[in-house]
Amino acid sequence: MEPVDIGLWGVPLAILGGAIRVSTPFIFVSLGECLTERSGRINLGLEGTLVFGAMSGYAVAYETGNPFIGVLAAALAGACFGLLHGWICKFKGVNDIAVGIAMMLFGMGLAFFFGKPYIQPQAPDLPAISFGFWSDIPQVQAALQVNVLFIAGGILAVAMAWMFRSTRVGLTVRVVGDSTDAARAMGLNPDRVRLLSTAAGGALAGIGGAYLSLYYPGSWTEGISSGQGLMAIALVIFARWNPINCFWAALLFGGAGALGPALQSVGVSEGYYLFFAAPYVLTLVLLIMTSSPDRALQGAPLELSLTK
Amino acid sequence: MWRSKAWITLSKASSVPQAKMSLTDQTKMARQLASAQIISALRLRAEGVLIPLGALVAGFIAFSIFLVLLGKSPFEFFSLVWKGGFSSAFSWQNTLSRVAPLVFAALCVALPARLGLVVIGGEGAIVLGGLAAAVAGTALGGLPAVLGMPLMALAGMVLGGLWIGAIGALRIKRGVNETISSLLMAYIAIALFNHFVEGPFRDPASLNKPSTAPLADSLRVGDMPFIAAHWGVLAGVIACILCWVLIDRTTVGFAARIAGDNVRAAQIQGLPVAKLVIGFTALGGAFAGLAGYFEVAAVHGSANASLIAGYGYTGILVAFLARHNPLAILPVAILLGGIEASGGLIQRRMELPDATILVFEGMVFIIILLSEALYGKLGIFKTNAGGTR
C-alpha cells in the first residue's frame, strides 16, 4: 500500500503510534521498580538488567525459534540479577544506590560479552495485533499495531494496583516498605520480602528488555538501550509509586521518545539530536517539579533510601 | 541529643584535635585515652587500606573463576594485562594516556561523595568541557599559547563546573536525587554535544567524522620531558594533591566531611551546607571539564565522537576503589588505566569480546561495595574508641 498524504496529521499520529511502541519497556521496568521500591529498596541497576534481558531474550528466541520462550528466559535472567542485587543489599553498610551502579555496569558487560555472536542473526519477532483494521489509511494501521506485551503491561499495571490495595502479598510489601520495625513486629522477614520484590522487579525489567530486541527496534545491538531503564526509575517517582500512574507516565515518555522520529518522518531534520534528548529533558523537568526539598514525597515508601 | 551526635562525628572524622584536647587536661587517664585513640586511628587507617586491597584480590579471583568456566586461562589474562599495560615504555604510554581523564573523572565522583552525594554523570561534563575548550580554541586561534591555553582550559572547567554544579544545586534546593539527575544530564550533554559537533560548530572539512575545526598547533598540549605522557597527567597528580589538602587539611574540607556524615548536625551547627554541596559538585565538574580539555588539546586535536569514550563511567569505579580518597585515586587510576590499555591485546590474543574488561570491572565494583559491609566487623581491626561504625 502507498502511504496516503495526510500532511501534518502525520505528526500526532506518529507520536501516538510511537508512544504505544516505545512505552512498553518503560511500562515493564517502571512496574518492576515500583514493586521493588514499595518494599523499601531502590534498584538503580535495572538499566543493566534491561540490556541483559534484551540479549538473553534475543539469543534464546533465536536458538529455540519461539519469541515467547525468549521472553521467559529474559524474565529468568532478570530475576537472577534482582536476586543478586537483593542479596548484596541485605548487608548492613552497603549503599544500595552504589550497588545499582555496579550492577548496571556488570549487566551491560555480561550482555555485550555473551551477546557478540547474536548481533548478526535474525530472531523471530513477537506478534502484534492490528487495531487499525477500520481505517484505509496505512499510517493509521501502522500506528495501531499493538504488541501483545503492551497489552500485557496494561493488565499487569491494573493487577499490581489491585495487589497493593487488596491482597495479603501487597499489604506485606507495603508494610516492609514503610517500616522495617513494624514488619518485624508482625513476624515478617523484611530481608526476604525485599529480596523477592527485587527479584520480581528484575524479572519485569528483563521482559522490558526482551521487548526491545524482539519487537521494537527488533534486533540485538550493543546500543539497544539508551537509558530507558534509568528513565523508568525517575518515572516511578513522578508516578508517585502507583502502578496505574506508572502506565500513563510510560505512555507519556514513549510519546516524548517518538517526537524526534515523528518530526523526521514529515521532513523536519533540523536539530535531530535535540529532539533525541526530549525524553531525558522531560524526565529531568518532571523530576525537578515533583521533588521537594523539605517535606517527604507524597506516597513514597518510608524506608526508601532515595527519599530519606 | 543532636549535639552529642555531632560530637561523635567530629571525633570520628579526626582523632588529632582530640588528642591535643586530652593532653591539655594533664591527667593520666586522658593521656592513656589519647594513646589509645592514636592506636585506634592507625587501626582504622589500616582497615581502610587492607579491606579495599582484599576486595580487589577477591575481584581478581572471582574473574579468574569466570574465565576458567569459559575455558580460558586466567594466568594468560593477567600476564596480558601486565604486558599490555605495564611491561614496556610503549605500554606505559598507552596506560598513562588513560590516567589523566580517569583521575579527573574520579575526582568528579570523589569530591561530591565526601558530602554523601553519589554523582555519576561525569561523562557529560567531560564531553561538554571538551567541546567548550575546542570552541574556545577555534575562537582564540590568533592568541599566543600563554593566553590561549589557560583560556581554553578555563572554558572547559567553567562549563563542566556549571553542569555538575547544577546537579548539586538541584539536590540542595529542590531535593532532586543527584544520582538520577546526573545520569540524565549525561545523556542530555551527549545529545547537545552531537548537535553542536554535527551542526553549528562542525568543520566543513571533516567529512567522515564530524569534528570541530582542528586546533592550531600552538594550542596543542605536548608531552612531558622524559615521560611518554602529556602534561595532563601531571595536572591530574597536582589536582589529586590539592583535593587531598582541601579535604583533609582545611576547615572547608572538615566542614564538608561533617556534612557528609550527618547533614542535619552540620546544618544545626550553622555550617553552610548548601554552599558546600554546590561548591564541591561544581569543583568536581570543573575537573571533569578539564579532562575534556586535555582530551581535546593533547589527544584528539578537535572535539569529535572520540571524546565519548566512557572515562566518566570508569572514573566512578576508580573513585569507589580509592574510597574517595584523592591520594589513592592516582594509583587506582594507573591500575585501571593499564587494564583498559591491555583490552585490545586481550581481545586479539585470547579471542575474547571487547566487553571482557567491562565484565571484569563490574565484578570488582560489586565486590568492593560488598566489602563495605566488613568495616568494623573484622576482629583484627576492632577498637575500643573508633570501632563504633
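Numbers restart at 1 for each chain; the letters A, B, ... are given by sequence-line order, proteins then strands. Please read all numbers here as calculations on a predicted model, not as lab measurements.
- Here the CD1 atom belonging to A:Ile288 is positioned 14.0 Å from the NZ atom belonging to B:Lys173, to the nearest 0.5 angstrom.
- Inspection of non-hydrogen atoms places B:Ser181, B:Leu183, B:Leu184, B:Met185, B:Tyr187, B:Ile188, B:Ala191, B:Leu192, B:Asn194 of residues 181-194 of chain B under 4.5 Å from chain A.
- Heavy-atom distances place no part of A:Phe275 under 4.5 Å from chain B, backbone and side chain included.
- Between B:Ala373 and A:Val94, the shortest heavy-atom contact is CB-CG2, 3.9 Å.
- Applying the ring pair (Phe, Tyr, Trp, His ring centres under 6.0 Å) test to A:Phe52 and every residue at least two apart in sequence or in another chain returns A:Phe81.
- In this structure, A:Phe113 has its ring center closer than 6.0 angstrom to the ring center of B:Phe66.
- For CZ of A:Phe276, the number of neighbouring non-hydrogen atoms (other residues, nucleotides, ligands) closer than 6.0 Å is 12 at most.
- Nearest heavy atoms, B:Arg174 versus A:Met289: NH2-O, 3.6 Å.
- Options A:Ala278, A:Cys89, A:Ala98 differ in how many heavy-atom pairs under 4.5 Å they form with chain B, and the most are formed by A:Ala98.
- Of all the listed residues (A:Val281, A:Val99, A:Leu274), the one sharing the greatest number of non-hydrogen pairs under 4.5 Å with chain B is A:Leu274.
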### Task
Kindly indicate, with the supporting measurements, whether the criterion side-chain contact (heavy atoms from CB on, under 4.5 Å) is fulfilled by A:Ile101 and B:Thr179.
CA-CA 9 Å; A:Ile101 301 165; B:Thr179 313; 4.3 Å; yes
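- B:Leu70 touches chain A through its side chain: at least one heavy atom from C-beta onward sits under 4.5 Å away, while N, CA, C and O do not.
- To the nearest 0.5 Å, the span separating CG on A:Leu44 from CG on B:Asn177 amounts to 7.0 Å.
- Of the atoms belonging to B:Phe320, it is side-chain heavy atoms, and not backbone ones, that fall under 4.5 Å from chain A.
- Closest heavy-atom contact between B:Pro353 and A:Lys116: CB-CD, 3.7 Å.
- Both the backbone and the side chain of B:Thr356 come within contact range of chain A, each with at least one heavy atom under 4.5 Å from a heavy atom of that chain.
- The shortest heavy-atom contact between B:Leu358 and A:Leu105 is CG-O, 3.9 Å.
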### Task
Decide yes or no on side-chain contact (heavy atoms from CB on, under 4.5 Å) for A:Ile88 and B:Leu369, but give the supporting numbers first.
CA-CA 9 Å; A:Ile88 295 171; B:Leu369 293 173; 5.5 Å; no
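- Between the CZ atom in B:Arg171 and the OG atom in A:Ser291 there is a gap of 9.0 Å [rounded to 0.5 Å].
- Only the side chain of A:Met104 comes within less than 4.5 Å of a heavy atom of chain B; its backbone N, CA, C and O stay farther away.
- With a threshold of 4.5 angstrom between heavy atoms, B:Leu170 approaches chain A through side-chain atoms but not through N, CA, C or O.
- For the options A:Ser226, A:Ala234, A:Ala111, heavy-atom pairs under 4.5 Å to chain B are most numerous at A:Ser226.
- Contact annotation for B:Leu352: only side-chain heavy atoms (C-beta onward) come within less than 4.5 Å of a heavy atom of chain A.
- At most 12 heavy atoms of other shown residues, nucleotides or ligands fall within 6.0 angstrom of atom OH in A:Tyr62.
- At a 4.5 Å heavy-atom cutoff, B:Leu374 makes no contact with chain A through either its backbone or its side chain.
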